Amino acid sequence: MHKVVLSLGTNIGKKHENINRALYLLSHSGIRILKVSQKITTPPWGNWNQPDFLNVVVTAETTMSPVKLLRTIKEIERNMGRTSGHMEPRIIDVDIILFDNLIVKTDKLKIPHPSFRERNFVLKPLSEIAPDLKDPETGKTILQLYRELLLLPFMGYIDTPIGPFYVAEKDGQVLRTSFKNMRGRQEYTPLLDKLLKRLEDYFSGKKVDFTEFTLNFSMIPDTYRHIYTVLMKIPYGAVISYSQLAELSGIRKGAMTVGNAMSKNPFPILVPCHRVIRKDGKIGGFSAGKDKKIFLLKLELKDSFFNVFPKGTY
DNA sequence: TGACGCGCACCAT
DNA sequence: ATGGTGCGCGTCA
């Protein structure tokens, strides 16, 4: 007999009935439900333009293998009318969170669920029904993981034409932005919500001013912080060279310092390092890839991009 | 603590 | 291509 943890979610139709129906189907498919958590309502994450979710977590027993369990779950989802894909509204979604102490990492199946440690709607209810259960990957108990989750910065993202863009918040300030995946509590706050909507506007080509957001500069060296502050005064659609920015910041012969500061910019887009270009008219580097810098400059400069960067300069 | 060496999304030669 | 440049960081005493 294997002990498993499943997470169920729904955000279409009669949500309580969907959950109950899924539990009924599971329990008649060779999965013995042991404990069912409270149902909790969770705002959508990832794509917020959809209804709230209703979630529960269950502990259960089964003799099935992980792959067989996954197939059974997918079949139940299909039978209940699930058609939509990832990050879309769905009538039912069942995830395998834990399976004994097993660690599985294949394309089709990942156990433990790769992001369950960042999800309140899993850890909170699970810490009520199985606080002492251990995560085989970290060796920590569910209760420990839940306590740690509460200390994690809030994190969200939007899909942009140049890939996902991540933002994190701590104590009402923007902690980081990034084109790379970030760890954090997968939940929106009013601040993240507002920021992501502004970013959506920005990526759709609107002129957006991000200076209303307070950035957390606490772990940033003074010189870099100063350079970032000066750079934030360079408006949308304008560009400046590394050496000019150094001069504006009062650092003589500081082009390299500026380059270093740009390469470590913790707030891409909000601190507009993409507006800093080489003195010889070339584009210069960008941590997330030069193609992204070119996209952002085209976005801001529109047609005049080709005047500022004639053929062969990038 | 402080000095030293290294590396860097640059720049002028 | 090459070497000067400022700064932060890791290392060593």
Side-chain angles (χ1 to χ4, degrees), chain A residues 153 155 157-168 170 173-184 195 198-199 202-203 205 207-211 213-314:
Chain A
M155 185 267 279
Y157 81 92
I158 52 161
D159 282 310
T160 79
I162 46 177
F165 187 72
Y166 298 85
V167 297
K170 195 157 179 71
Q173 295 185 324
V174 181
L175 187 65
R176 275 215 67 162
T177 63
S178 178
F179 285 100
K180 292 204 194 78
N181 198 349
M182 273 194 302
R183 241 177 77 73
L195 176 55
R198 291 277 186 285
L199 282 163
Y202 174 80
F203 278 101
K207 179 173 172 175
V208 176
D209 176 22
F210 291 103
T211 53
F213 297 99
T214 312
L215 310 185
N216 184 321
F217 283 120
S218 62
M219 296 301 283
I220 293 165
D222 286 346
T223 308
Y224 286 4
R225 176 188 174 147
H226 177 237
I227 294 170
Y228 298 148
T229 311
V230 174
L231 174 55
M232 279 193 284
K233 299 200 175 91
I234 306 302
Y236 184 98
V239 292
I240 186 172
S241 76
Y242 292 88
S243 52
Q244 279 177 316
L245 179 55
E247 209 165 312
L248 258 185
S249 310
I251 304 165
R252 285 179 327 172
K253 310 228 182 206
M256 227 155 187
T257 307
V258 167
N260 281 327
M262 297 307 100
S263 74
K264 301 202 167 71
N265 178 12
F267 308 100
I269 313 277
L270 308 207
V271 172
C273 60
H274 55 282
R275 292 177 198 149
V276 187
I277 61 171
R278 284 170 48 150
K279 201 177 201 175
D280 60 12
K282 295 202 164 113
I283 290 247
F286 198 65
S287 299
K290 197 192 266 206
D291 53 328
K292 292 189 170 58
K293 187 170 182 175
I294 292 169
F295 176 91
L296 297 172
L297 286 168
K298 275 186 182 158
L299 185 71
E300 292 195 9
L301 294 166
K302 311 257 175 342
D303 288 344
S304 61
F305 174 86
F306 298 100
N307 300 329
V308 179
F309 301 100
K311 251 191 190 145
T313 59
Y314 61 96

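For clarity, every value in this text was computed on a predicted model and none was experimentally measured.
- With hydrogens and angles ignored, the 3.5 Å screen pairs no side-chain donor or acceptor of A:N216 with any backbone N or O of A:R176.
- Between A:L231 and A:T229 there is no side-chain heavy-atom pair separated by less than 4.5 Å.
- For DNA chain B, the residues of residues 244-272 of chain A within the heavy-atom distance limit of 4.0 Å (strictly under) are A:A255, A:M256, A:G259, A:N260, A:M262, A:S263, sorted by number.
- Secondary-structure stems of DNA chain B, taken as three or more successive Watson-Crick or G-U wobble pairs (i with j, i+1 with j-1) under a 3.5 Å distance threshold, comprise B:1-8 with C:6-13, B:10-13 with C:1-4.
- No more than 12 heavy atoms of other residues, nucleotides or ligands lie within 6.0 Å of CG in A:D303, so this atom counts as exposed by the packing criterion.
- Side-chain atoms of A:T177 come within 3.5 Å of backbone N or O of A:P268 as a donor-acceptor pair.
- A donor-acceptor pair under 3.5 Å is formed between the side chain of A:Y228 and the backbone N or O of A:A261.
- Without hydrogens or angle criteria, A:S241 side chain to A:Q244 main chain gives a donor-acceptor distance under 3.5 Å.
- The outermost nucleotides of DNA chain B lying under 4.0 Å from heavy atoms of chain A, listed 5' to 3', are B:dG7 to B:dA12.
- With respect to the salt-bridge test (charged N to carboxylate O, under 4.0 angstrom), the residues A:E300 and A:R275 qualify.
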- Verdict with supporting geometry, A:F305 and A:V308, side chain to side chain contact (heavy atoms under 4.5 Å, CB included): CA-CA 5 Å; A:F305 174 86; A:V308 179; 5.9 Å; no

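- Annotation: A:F179 is in aromatic contact with A:F165 [ring centroid separation under 6.0 Å].
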Would you list the atom pairs, donor with acceptor, under 3.5 Å between side chains in residues 284-297 of chain A and any protein atom, with sequence neighbours excluded?
| unit_1 | atom_1 | unit_2 | atom_2 | d |
| --- | --- | --- | --- | --- |
| A:S287 | OG | A:S263 | O | 3.1 |
| A:K293 | NZ | A:Y242 | OH | 3.3 |
| A:K293 | NZ | A:V276 | O | 2.7 |
| A:K293 | NZ | A:I283 | O | 2.9 |
| A:K293 | NZ | A:G285 | O | 3.0 |

Could you list the donor-acceptor pairs under 3.5 angstrom formed by side chains in residues 246-258 of chain A, with sequence neighbours left out?
| unit_1 | atom_1 | unit_2 | atom_2 | d |
| --- | --- | --- | --- | --- |
| A:S249 | OG | A:L245 | O | 2.6 |

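- Heavy-atom distances under 4.0 Å link DNA chain B to no residue of residues 219-236 of chain A.
- When ring centroids are compared, A:F210 and A:Y202 come within the 6.0 Å threshold.
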